[in-house]
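If you read the sequence from its start, that first residue is 1, and numbering goes on from there.
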Amino acid sequence: MTTPVVIQAPLAQARARGQRFAGGRIGLHVVLIVLMIIWLLPTIGLLVNSLRSSADIASTGWWTSLFPPTGLTLDNFAKVFAETDIASGFINSLFITIPATIIPIFVAAFAAYAFSWMDFPGRNLLFVVVVGLLVVPLQTTFIPILRAFNGLGIAGTFLTVWLAHTGYGLPFAIFLLRNFMGALPREVFESAYIDGASPVTAFFRLALPMTVPAIAALAIFQFLFVWNDLLVALIYLGASASDNGPMTLQIANLVNSQGGGWELLGPAAFISMALPLVVFFALQRYFVRGITGGAVKG
């Protein structure tokens, strides 16, 4: 008669542990939901205010428009497109961001493979130098690089911004991709070399496909940095280059010296946020895997 008691005791303990575990998970989820709501509140407020008139924004809080009568309207968005050149700024931002994202990733992938799987004199020292460039402030490079561009006669063109963002993005890109590639299984590359594969074949057939998560994560970082950049574009394109100016420059010019046009900042900000959100959600399944890959080993 004592056997059922002996069996039931571990079962009861397991149920109790399961209940405590479930309760802990529920508490964790509640905390995460609360933090998410707090994090999203400023964005929600900005979105609601972008759909309100300037008089309503000045007189009442944004939360009053969550209840009828809401008074929400798309007039501010229509005014942004009608009274500003933000549409051409959007196109210019695309024309700047896409090459400035692809070029450094393409170059960094080759360099990361060389640092990970190829032996050449000074490899480790050169990698340390590349990583050390991460601490160099951008501001210290503006004058010498701008003088070089002026000497080449390309100042104020899209090429200058592409080259600048490539140079600024390469140290971090090489560092991230090298750590990821360095953590790939060595046996795969050794087998490929035994079968007669060249380093170029191993790069395109093995390293590059297996590094897609890190490349996707890097693409998100580089795309967001270039898309939201104002300083680099302002320096190398010039404030007067309105024909080539990105959307960040158009948004900065919305508010005049007397403070007029401030009600258009919200709609313009959400127009600017649309494409980065699409890029992030399209690649977000690779994001965590690409960032954590090679973090310990490499």
Check: Tyr113/Thr211 side-chain N/O donor and acceptor closer than 3.5 Å: no
Minimum heavy-atom distance Leu206-Phe189, with the two atoms named: CB-CE2, 4.2 Å
Trace of the ring pair (Phe, Tyr, Trp, His ring centres under 6.0 Å) decision for Phe77 with Phe81: CA-CA 7 Å; Phe77 285 89; Phe81 284 104; 7.9 Å; no
Shortest non-hydrogen contact between Phe95 and Trp162, atoms and distance: O-NE1, 3.1 Å
Phe175 and Phe127 aromatic ring geometry - parallel, tilted or perpendicular at 30°/60° bounds: parallel
Nearest heavy atoms of Val48 and Ser65, plus distance in Å: CG1-CB, 3.9 Å
Side-chain heavy atoms of Asn92 within contact of Phe158, under 4.5 Å: yes
With Ser191 via side chain to side chain donor-acceptor pair (under 3.5 Å) - residues at least two apart: none
Residue list, side chain to side chain donor-acceptor pair (under 3.5 Å) with Asp75, at least two apart or on another chain: Thr73
Nearest heavy atoms of Trp62 and Arg52, plus distance in Å: CA-NH1, 3.4 Å
For the student: nearest non-hydrogen atoms of Lys79 and Leu264, plus distance: CD-CD2, 3.8 Å
For Thr157, side chain to side chain donor-acceptor pair (under 3.5 Å) partners two or more places apart: none
